[in-house]
Enquirer: 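There's a structure below that I have some questions on.
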Amino acid sequence: RGGVEANLTVTPISKSSEFSNRGFYCVVEGHHTIAHIKEGILEKKFNAKVVDVSRDFGILSIQGPKSEEILSKIANLKDLKLNSSKIVKINEIQLRIFRTSFGFELHIPSNDCVEIYNQLMSTGCLTNAGFRAFNSINFERGQHLWSFDLRSDDSPLEAQLSGNCR
């Protein structure tokens, strides 16, 4: 019997001075997921490490049917496919944009979040919504959030998530 262990997004990232081989940018929800990944690395004896950079970045989400139109006003989204990410510059600030099923996530260096937020709001096309609005959007779309709608003893088949499993 399988279960749902985590709610995360994993994106391969290109080689850099930080990675001698392959690297992955993981967006995880909570300490449970990080512990689960670290346990898997140890169990399988992978030559890998987990680096928590959550204090270095803030996340702004732009969601909804017009999210691409709005974000395109300030960022180059060319070649950004669904469930992928890319590094872009907005006002000389380098950040990572994820294209998700509900819109976009901007992962911004913490010191630059306010400037990017102001740039987005200057488009005149956005409305602020609290983080819990994200939960409502997922619920409306029939998607589930780990620890709210799903637990580790829920099967992806029971939760109608078989299409999300790999």
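Every value quoted in this text rests on a predicted model; they were computed, and no experiment measured them.
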Enquirer: When clusters are formed by joining ILVMFWY residues with side-chain heavy atoms under 4.5 Å apart, either directly or through shared neighbours, do F46 and I34 land in the same one?
Expert: yes
Enquirer: Closest heavy-atom contact between I41 and A48?
Expert: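 Shortest heavy-atom separation between I41 and A48 comes out as CG2-O, 3.8 Å.
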Enquirer: Can you confirm whether I116 sits close enough to I93 that some side-chain heavy atom of one is under 4.5 Å from a side-chain heavy atom of the other?
Expert: yes
Enquirer: Among all residues two or more places apart in sequence or in another chain, which pass the side-chain hydrogen bond (donor to acceptor under 3.5 Å, both in side chains) test with N118?
Expert: none
Enquirer: What verdict does the side chain to side chain contact (heavy atoms under 4.5 Å, CB included) test give for I97 and R99, after you've listed the backbone C-alpha separation in whole Å, the side-chain angles of each residue and the deciding distance to 0.1 Å?
Expert: CA-CA 7 Å; I97 297 180; R99 183 178 209 135; 5.9 Å; no
Enquirer: Identify every side-chain donor-acceptor pair in residues 70-82 under 3.5 Å, counting partners at least two apart or on other chains, and give the distances.
Expert:
residue: S72; atom: OG; partner: E68; partner atom: O; Å: 2.7
residue: N76; atom: OD1; partner: K78; partner atom: N; Å: 2.8

Enquirer: Is any side-chain heavy atom of T11 less than 4.5 Å from a side-chain heavy atom of F24?
Expert: no
Enquirer: Using distance only, find each side-chain donor-acceptor pair of residues 106-113 under 3.5 Å and give its atom names and separation, not counting sequence neighbours.
Expert:
residue: H107; atom: ND1; partner: Y25; partner atom: OH; Å: 2.9
residue: H107; atom: NE2; partner: E105; partner atom: OE1; Å: 3.0
residue: S110; atom: OG; partner: R55; partner atom: O; Å: 3.1
residue: S110; atom: OG; partner: D56; partner atom: O; Å: 3.1
residue: S110; atom: OG; partner: F57; partner atom: N; Å: 3.2

Enquirer: Please say yes or no: joined through hydrophobic side-chain contacts below 4.5 Å, possibly via intermediate residues, are F98 and L126 part of one cluster?
Expert: no
Enquirer: For the OG1 atom of T123 and the NZ atom of K66, what is their distance to the nearest 0.5 Å?
Expert: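 Here the rounded value is 11.5 Å.
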Enquirer: The criterion is side-chain hydrogen bond (donor to acceptor under 3.5 Å, both in side chains); which residues satisfy it with Q119, sequence neighbours excluded?
Expert: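 Applying side-chain hydrogen bond (donor to acceptor under 3.5 Å, both in side chains) to Q119 gives N91.
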Enquirer: For A35, check side-chain contact (heavy atoms from CB on, under 4.5 Å) against everything at least two apart and list the hits.
Expert: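 If we apply the side-chain contact (heavy atoms from CB on, under 4.5 Å) test to A35, skipping adjacent residues, there are no hits.
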Enquirer: Indicate yes or no: at least one non-hydrogen side-chain atom of M121 is less than 4.5 angstrom from one of N128.
Expert: yes
Enquirer: Do I90 and I59 sit in the same hydrophobic cluster, where Ile, Leu, Val, Met, Phe, Trp and Tyr count as joined when their side-chain heavy atoms come under 4.5 Å apart?
Expert: no
Enquirer: Please report the interatomic distance CZ(F104) to CG(L60), rounded to the nearest 0.5 Å.
Expert: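 One finds 14.0 Å between CZ of F104 and CG of L60.
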Enquirer: Could I get the full list of side-chain hydrogen bond (donor to acceptor under 3.5 Å, both in side chains) partners for S85, not counting sequence neighbours?
Expert: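 By the side-chain hydrogen bond (donor to acceptor under 3.5 Å, both in side chains) rule, S85 matches R96.
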